[in-house]
Amino acid sequence: MSMNTVGITEDEYKTISGFVYDKFGIKLGDQKKTLIIERLQKILRIGGFANFKQYFDYIISEPTGEAILTFIDKVSTHHTFFFRENDHFEYMSNHALPYLVNKYKRSGEAVDIRIWCAGCSSGEEPYSVAMCVNEFIETNRLKPTDISILATDISVASLEKASSAIYQAPSLAHVPPLYRQKYFSAPASDGNFCVKPFLRDRILFRRLNLMREDYPFSGRFDIIFCRNVMIYFDAPTRSSLIGRYHRYTKEEGYLFIGHSESISRSTLIYKYIKPAVYQKA
Ligand SMILES: C[S@@+](CC[C@H](N)C(=O)[O-])C[C@H]1O[C@@H](n2cnc3c(N)ncnc32)[C@H](O)[C@@H]1O
């Protein structure tokens, strides 16, 4: 750290990490201290805050709530890329979607598959879902409105990037060449790719804190993706979140979690299908 870096005291770190845990469920252990100091340094400098206490007092009293949003944008991790953990997308296309369409047909109901990407970051995950869904719709002669996609995150900056739908080449590394042609416009002079509007318009992006007790949804979901989000939560937070997801999953609906995440067997209310894939029994 440079000479000009503002350090953090034990008390300040305890206050800030306690606040992040209570409000957002994110556990900041001592090993994250240096990272947090680095991530907040620029804000402290630009805002002219002499120390972390001054900064924290400001964010919790600032009336619009904007300062808290900027703070959580900086503190949380947004790393993501297209077709991350690709076997989930293959499983969704080859098993989950056909199973769900059949379920609707068996019961005589119109197909109305609702997918939710919870913790979607800057949009690479829901756009990957949307590409697979579009392929599935075309192959199975469904209507685009038969399958809808909601994508939520706590981070306003990430959601703005998701809505802008503009991405740099490295994040497209795992997009199959055919999909790149079909779903992205040719790179602009700055080398960036843009998701074509017809695909972008298939996704509804909304801000949502997953720590809320109830979610403002009118219906339940057939598929929930919550990948690489719970990794930052502790066990009690994870298990109450899984309980909420269960409430918002339709019968026989699916839950996809990150491959490095796990649901403890004692709190497992979904049926285990395969690593990181669960179904509501
Ligand atoms: C590492 S990204 C994962 C993105 C994507 N799901 C993936 O697997 O590539 C984690 C995201 O979870 C979001 N997040 C963390 N805590 C949250 C909360 N309490 N409510 C909503 N989103 C949250 C962060 O803002 C971040 O964008």
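Only this structure's heavy atoms are used, side chains among them; waters, hydrogens and symmetry mates stay out. Counting starts at 1 for both ligands and their atoms, in listed order.
Backbone and side-chain nitrogen or oxygen atoms of Phe24 are examined, and one is located within less than 3.5 angstrom of a nitrogen or oxygen of ligand 1. Geometrically, ligand 1 and Phe233 share no nitrogen or oxygen pair separated by less than 3.5 Å. By the 3.5 Å distance cut-off applied to N or O atoms, Ser158 is not counted among the residues near ligand 1. For ligand 1, the polar-atom distance check finds no N/O of Tyr232 at less than 3.5 Å from any of the ligand's N/O atoms.
Of the heavy atoms in Ser76, only side-chain atoms (C-beta onward) come closer than 4.0 Å to ligand 1. Residue Arg84 touches ligand 1 through its side chain alone, judged by heavy-atom distances below 4.0 Å. Counting heavy atoms under 4.0 Å from ligand 1, residue Glu124 does not touch it at all. Of all the heavy atoms of Ile26, the ones lying under 4.0 Å from any atom of ligand 1 belong exclusively to the side chain.
Between the choices Val156, Val20, Val229, Ile231, the shortest heavy-atom distance to atom 12 (O) of ligand 1 belongs to Val229.
Residues Tyr167 and Phe82 bring their aromatic ring centres within 6.0 Å. Taking the six-membered ring wherever Trp is involved, the centroid distance between the rings of Phe52 and Phe56 does not fall below 6.0 Å. Outside the 6.0 Å centre-distance limit, the rings of Tyr248 and Trp116 are not counted as a close aromatic pair.
Defined by atom type and a distance below 3.5 Å, a donor-acceptor pair is present between the side-chain atoms of Thr237 and Asp234.
Put simply, CG on Leu199 and CZ on Arg202 are 6.5 Å apart, with the number rounded to the nearest 0.5 Å.
Classification of the His95-Tyr91 ring pair by plane angle, with boundaries at 30° and 60°, yields parallel.
Using a distance-only test at 3.5 Å, with no hydrogens or angles considered, no donor-acceptor pair links the side chain of Arg180 to the main chain of Phe193.
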